[in-house]
**Q** 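Take this structure, written in structure tokens, and hold onto it; I'll ask about it next.
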Amino acid sequence: MPGFLSWISGLFATKQSVPPAPEARLFNPSPEKPATDTPDASPVLAQQLEEHLFCWLLDAEPAALRADLSSYEEVLEELYQRLTSNKMEELPRQPMSLPMLMRALSDESTDRQRLTEIILGDPSLTDQLLQIANSPYFRTSDHAIESVDQAVFVLGVDGIRNVISAAVMRPMMAARNSREALFGQRGWRWGLTCARAAELIARTQGEDTSAHFMVGLLPSLAYITIRRELQRICRSRTATGEPEPALVRHALARYQWATCQLLANEWNLPPKYHAYLLAAERPAPRQKHTPLTDGMVIGTREVLRHAHQRNLAEEELPKVVRLTPDQISNVRNALQKMLREGGRSTVRS
């Protein structure tokens with residue numbers, strides 16, 4: 001733990017009381033070696049997509065996200081201190097059944113009965129798992145899944161891994177009040193879409209699909225965690241306790257990946273999960289894009305498009321991701337189908 005916290009603290013090392021304007025980005029396409037003198041447009045396009053996402057998640061106009069934050073210096077300082085000292089009060093703790101489930105799922109000798117027993121040992125997880133398994137994001141047919149054993153049988157090991165990841169995180173994303181409802185709902189939809197995109201890309205590249213699905217969900221959980229922490233800090237300082245959209249946007253942009261790493265550490269996720277997150281945050285020049293990097297871009301673009309929001313033009317998408325036209329088309333088609341069915345469904349996902 002001390003070594004990890006020292007690493008996190010190093011990310012923010014500065015003599016200033018409040019960190020400077022955010023430089024960290026959600027989307028970080030790796031610069032390719034230019035074949036021509038044409039400037040690389042991907043950073044600008046990625047930044048525009050990120051701004052469109054913030055406008056939608058926070059239900060705010062671009063001007064509202066650029067408001068002056070000079071009066072919030074103490075709030076930002078407190079958030080910074082909590083994050084770097086691992087004192088985030090809203091950081092979700094490790095789900096009780098997660099370690100046992102991850103061991104069972106990684107053990108090839110684990111049979112269906114044993115996996116079912118572990119899931120049934122956590123009643124809250126059982127309820128969430130059946131709801132998630134019957135949602136359009138995971139349902140494989142028109143027939144409802146009525147038991148955990150049936151879910152394991154129908155979805156298979158890989159499929160049930162992803163359902164478990166979603167079932168574990170869904171309660172943490174559930175809105176606590178009406179002011180959080182829209183952000184939580186949109187954040188969850190965005191997280192599931194990015195996670196599915198990362199999973200689909202991982203499958204085409206022969207990577208670990210389940211691990212990429214889980215890390216694809218972490219940014220959305222990090223977002224609501226940061227928002228809640230800000231709300232807690234604001235509540236202790238003002239009567240309303242509701243942070244301004246510009247303040248939330250600043251904090252999300254600045255600390256999104258560090259909070260993902262804290263979550264992965266708090267939950268004792270394997271080292272490769274940390275590696276996936278780091279590669280998405282800080283790709284080396286000409287580094288091959290990970291499924292998470294491209295999945296976040298395509299997932300965000302498609303969820304914004306489905307919501308009739310500003311997004312990335314179709315002809316610009318290949319400039320940001322490192323996939324073939326056929327791969328882009330296949331992932332987009334799968335996401336669009338999922339989002340369409342999700343919009344028509346009455347099953348809570």
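Count residues from 1 along the sequence.
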**Q** Is Tyr223 reachable from Leu182 through a run of I, L, V, M, F, W or Y residues, each pair having side-chain heavy atoms under 4.5 Å apart?
**A**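 Per the 4.5 Å side-chain linkage, Leu182 and Tyr223 are not co-clustered.
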**Q** Would you say Arg305 and Gln336 make side-chain contact, with heavy atoms under 4.5 Å?
**A**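 A side-chain contact under 4.5 Å exists here.
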**Q** Let me check something: do Val44 and Leu317 share a hydrophobic cluster, defined by ILVMFWY side-chain heavy atoms less than 4.5 Å apart, either directly or through other members?
**A**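 Different clusters.
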**Q** Under 3.5 Å, is there a donor-acceptor pair linking the side chains of Asn311 and His52?
**A**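 The criterion, which ignores hydrogens and geometry beyond distance, is not satisfied for His52 and Asn311.
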**Q** Drop me the distance from Leu218's CG to Tyr273's OH, to the nearest 0.5 angstrom.
**A**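 If we round to the nearest 0.5 Å, Leu218:CG and Tyr273:OH are 9.5 Å apart.
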**Q** Could you tell me if Ser70 and Asp68 have a donor-acceptor pair between their side chains, going purely by distance under 3.5 Å?
**A**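 Indeed, the side chains of Asp68 and Ser70 share at least one donor-acceptor pair under 3.5 Å.
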**Q** Please determine whether residues Ile118 and Leu120 belong to a single hydrophobic cluster, defined as Ile, Leu, Val, Met, Phe, Trp and Tyr linked transitively by side-chain heavy-atom distances below 4.5 Å.
**A**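 In one cluster: yes.
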**Q** To the nearest 0.5 Å, what is the distance between CG (Leu304) and CG (Leu57)?
**A**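 One gets 8.0 Å once the value is rounded to the nearest 0.5 Å.
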**Q** Assess the residue pair Thr300 and Trp190 against the criterion (side chain to side chain donor-acceptor pair (under 3.5 Å)); give the C-alpha distance rounded to whole Å, side-chain angles, the decisive distance to 0.1 Å, and a yes or no.
**A** CA-CA 7 Å; Thr300 300; Trp190 170 64; 2.8 Å; yes
**Q** Please confirm whether the backbone N or O of Arg25 pairs with a side-chain atom of Asn28, one donor and one acceptor, at under 3.5 Å?
**A**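 Yes; at least one donor-acceptor contact below 3.5 Å.
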**Q** For a side chain to side chain donor-acceptor pair (under 3.5 Å) check, start with the C-alpha distance between Asp127 and Gln131, then their side-chain angles and the critical distance, and finish with the verdict.
**A** CA-CA 6 Å; Asp127 179 59; Gln131 290 186 31; 3.1 Å; yes
**Q** For the residue pair Arg332 and Glu302, what are the closest heavy atoms and their distance?
**A**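 Reported closest heavy-atom pair: NE-OE2, 2.7 Å.
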**Q** Looking at Glu315, I'd like to know if its CD atom is crowded, meaning that more than 12 non-hydrogen atoms belonging to other residues, nucleotides or ligands lie closer than 6.0 Å.
**A**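 Yes, CD of Glu315 has more than 12 neighbouring heavy atoms, counting only those of other groups under 6.0 Å.
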**Q** Group every Ile, Leu, Val, Met, Phe, Trp and Tyr by side-chain heavy-atom contacts under 4.5 Å, then state whether Leu155 and Phe153 land in the same group.
**A**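 Cluster IDs for Leu155 and Phe153 match.
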**Q** Could you walk me through whether Glu199 and Asn162 pass the side chain to side chain donor-acceptor pair (under 3.5 Å) check?
**A** CA-CA 9 Å; Glu199 174 205 359; Asn162 295 347; 3.2 Å; yes
**Q** Applying the salt bridge (Lys or Arg N to Asp or Glu O under 4.0 Å) test to Glu90, which of Arg235, Arg176, Arg228 qualifies?
**A**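 Among the candidates, only Arg176 passes.
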**Q** Is NZ or CZ of Arg237 both nearer than 6.0 Å to the six-membered ring centre of Tyr72 and within 45° of the ring axis?
**A**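 Arg237 over Tyr72 ring: no.
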**Q** I'd like to know whether Glu207 forms a side chain to side chain donor-acceptor pair (under 3.5 Å) with His212, so could you lay out the CA-CA distance, the side-chain angles of the two residues, the decisive distance to 0.1 Å, and finally the verdict.
**A** CA-CA 8 Å; Glu207 299 282 351; His212 279 93; 5.3 Å; no
**Q** Using the rule that Ile, Leu, Val, Met, Phe, Trp and Tyr join whenever any side-chain heavy atoms are under 4.5 Å apart, tell me whether Met96 and Leu125 fall into a single cluster.
**A**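 No, because Met96 and Leu125 fall into different hydrophobic clusters, even though each may have its own neighbours under 4.5 Å.
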